[in-house]
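Below, read A as the first sequence line, B as the second, and so on, with proteins coming before strands; counting in each chain starts at 1.
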Amino acid sequence: MATGGVVLADANNFFASCEAVFHPELAGKPLVVLSNNDGCVVARSNEAKRLGIVNGTPWFMIRETAERDHVIARSSNYELYGSLSRRMMSILSTFLPDQEMYSIDECFMRSPWDTERTRQVCVDMRRAVLQGIGIPVSVGVAPTKTLAKITNHWAKRHETSHGVTLWHDLAQPDGGTGVLSSIPVEDIWGIGRRMARHLRGIGIRQAAQLRDSDPVAMRRRFSVQLERTILELRGFACIYDADGIGENIRNSALLCSRMFGEPVNSEETIAQAASVYAQYACRRLQRQHSLCTMVSAFCSSGNARSDIPSAAHGSVTLPDPSDDPVIIAAAARSALHGKIIPSVRYARAGVLLTGLVDADSFRTLPTLGADTDPGLGAALEQVSRRFGPMRVGIGCAAGIRGKGRASEEAGARWTMKRNMLSQRCTTRWDEMPTVRAS
DNA sequence: TCTGGGGTCCTAGGACCC
DNA sequence: TCTGGGGTCCTAGGACCC
């Protein structure tokens, strides 16, 4: 291999590691992070993994056992994770070019260097993140993204790798057949439960067998994605970033939806929620410099065990593309108007913005624009930027914070439960950690 | 009497990922 | 009582156009 190829940096147990950054006493303890509404486990420390706790398990099902085992639980603190993620990405990007943020805790990069220099850069980069923000990261290097996922996984599992693994090393001396023979197909990036079952049905159990199957025949039989995975396993890169790199990524639809903390059945309350979710979605819309042309809102009853599911949804097309929270929140409310059945207990709601266009290519002349105060949306955005999200909002009390942490979301009973929330140390003045020297 | 074929756009649904 | 919340890509089918 002449050059380093694809580099994948992925934080270890990211949410759990973030929780430990400002609470060093959590290090070495079994820790789980729960999804919104404290629903199910979405992240675990190594110690919690060792206790056999599985990701996705509903918390109420394992709570008793876990507490007996002294497992510590935290509600998800996305402000903290988002803030640490930005810092981590920023450090990583100083070491290698073409960063593509793939998720909150991982990014692809490209190494222009030869094998040994790539190895050294990855070791340095890993150390810099650990020193800079206290998050352990694993690094995998390979000719393709799919193989980089495998080397990254390897780096996480094998202490001898010290957090950095190159395909160059694993592929010796048999071109990787030995390693790929030890990996079950369902562990390959892009192969989900469904596809794994199909593959096992035709006798393909390990990554090596998939790599050696006929890509054209597999494409005909299954899908073009599977063909790409096979080629990637052979070392031919064919999965690219759709939109170039880094901050150029723009979503083509924006969704904000939540479970309610408790069931809701009044139209007014659901309209409040829709209004708040629309404002959250607007902030994301503005951040990526887009306007939307269609606003959809929906709500549905029931949870996983609900007997009769019931849903309401509606869409509103805007007269002009907009990122104005006043217009979009009103559209979200009106999309559901008259569609709420009072006897139904709704469990969740959401707002979806579609038909997104580039804001710069859609500057409406002032006199042709919508008939609202053009300053209001911008003013709201400025207040949010300075004082934090949802300090000021539109229309009604829903979702507006009270003073201080305890009552901050007290304005609405339907907001989600986060009973075990840690401090948002890096984004809130009033939650900054205190350090004492003795 | 003859009744095409290629292209685009949109939508819904499936599968997958973190 | 209690089971995230975002996204992506691909495919098929329908409407419409020339």
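- Nearest to the side chain of A/Ser257, among B/dC18, C/dG6, C/dT3, sits C/dG6.
- When heavy atoms are screened at a 4.0 angstrom cut-off, A/Ile191 is found touching the sugar-phosphate backbone but no base atom.
- Separating the CG atom of A/Leu199 from the P atom of B/dA15 is a distance of 13 Å, rounded to the nearest angstrom.
- Looking at heavy-atom distances under 4.0 Å, A/Leu226 makes no contact with the nucleic acid at all.
- With a glycosidic angle no further than 90° from 0, C/dT1 counts as syn.
- The distance from atom NZ of A/Lys417 to atom P of C/dT1 is 13 Å, rounded to the nearest whole Å.
- In this structure, A/Trp59 reaches neither bases nor backbone, as no heavy-atom distance under 4.0 Å exists between it and the strands shown.
- In the set C/dC10, C/dT3, B/dA15, C/dC10 carries the atom at the smallest distance from any side-chain atom of A/Val224.
- Rounded to an integer number of Å, the gap from A/Arg193 CZ to B/dG14 C1' is 14 Å.
- The CD-P distance, from A/Glu186 to B/dC16, rounds to 12 Å in whole Å.
- One finds no salt bridge joining A/Arg333 and A/Glu267 here, because no Lys/Arg side-chain nitrogen approaches an Asp/Glu carboxylate oxygen to under 4.0 Å.
- With the nearest nucleotide of DNA chain C identified for both A/Arg258 and A/Met61, A/Met61 has the one nearer the 5' end.
- Distance from the side chain of A/Arg194 is smallest for B/dC16 among the nucleotides C/dT3, B/dC18, B/dC16.
- Separating the CE atom of A/Met294 from the P atom of B/dC10 is a distance of 10 Å, rounded to the nearest angstrom.
- Rounded to the nearest Å, the gap between the P atom of B/dT3 and that of C/dC18 is 23 Å.
- The interatomic distance linking A/Ile188 (CD1) with B/dA15 (P) rounds to 18 Å, in whole Å.
- Of the candidates C/dG4, B/dC18, C/dC2, the closest approach to any side-chain atom of A/Asn36 belongs to C/dG4.
- A/Val42 comes within contact range of at least one nucleobase, with a heavy-atom separation under 4.0 Å.
- Nucleotide B/dC18: paired with C/dG5 (Watson-Crick or G-U wobble, both distances less than 3.5 Å).
- Proximity of A/Arg228 to the phosphate of C/dC10: a side-chain N or O atom is located under 4.0 Å from OP1 or OP2.
- Annotation: of the two residues near DNA chain C, A/Leu255 and A/Gln225, the 5′-most nearest-nucleotide partner is A/Leu255.
- Rounded to an integer number of Å, the gap from CG of A/Asn152 to C1' of B/dC18 is 13 Å.
- Looking at heavy-atom distances under 4.0 Å, A/Arg219 makes no contact with the nucleic acid at all.
- Put simply, OH on A/Tyr81 is 16 Å from P on C/dG6, counting in whole angstrom units.
- Around the CZ atom of A/Arg200, the shell of radius 6.0 Å holds more than 12 heavy atoms that belong to other residues, nucleotides or ligands.
- Aromatic pair A/Phe15/A/Tyr78: ring centres closer than 6.0 Å.
- Within 6.0 Å of the NE2 atom in A/His337, the count of heavy atoms belonging to other residues, nucleotides or ligands does not exceed 12.
- A parallel orientation is assigned to the rings of A/Phe260 and A/Tyr277, their planes being inclined by less than 30° (bins at 30° and 60°).
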Go through the steps to decide whether A/Ser422 and A/Asn77 satisfy the test side chain to side chain donor-acceptor pair (under 3.5 Å), and finish with yes or no. CA-CA 7 Å; A/Ser422 50; A/Asn77 186 344; 3.1 Å; yes
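- Nearest nucleotide to the A/Phe60 side chain, out of C/dG5, C/dG4, C/dC2: C/dC2.
- If you check every strand for non-hydrogen atoms under 4.0 Å, A/Asp38 touches nothing.
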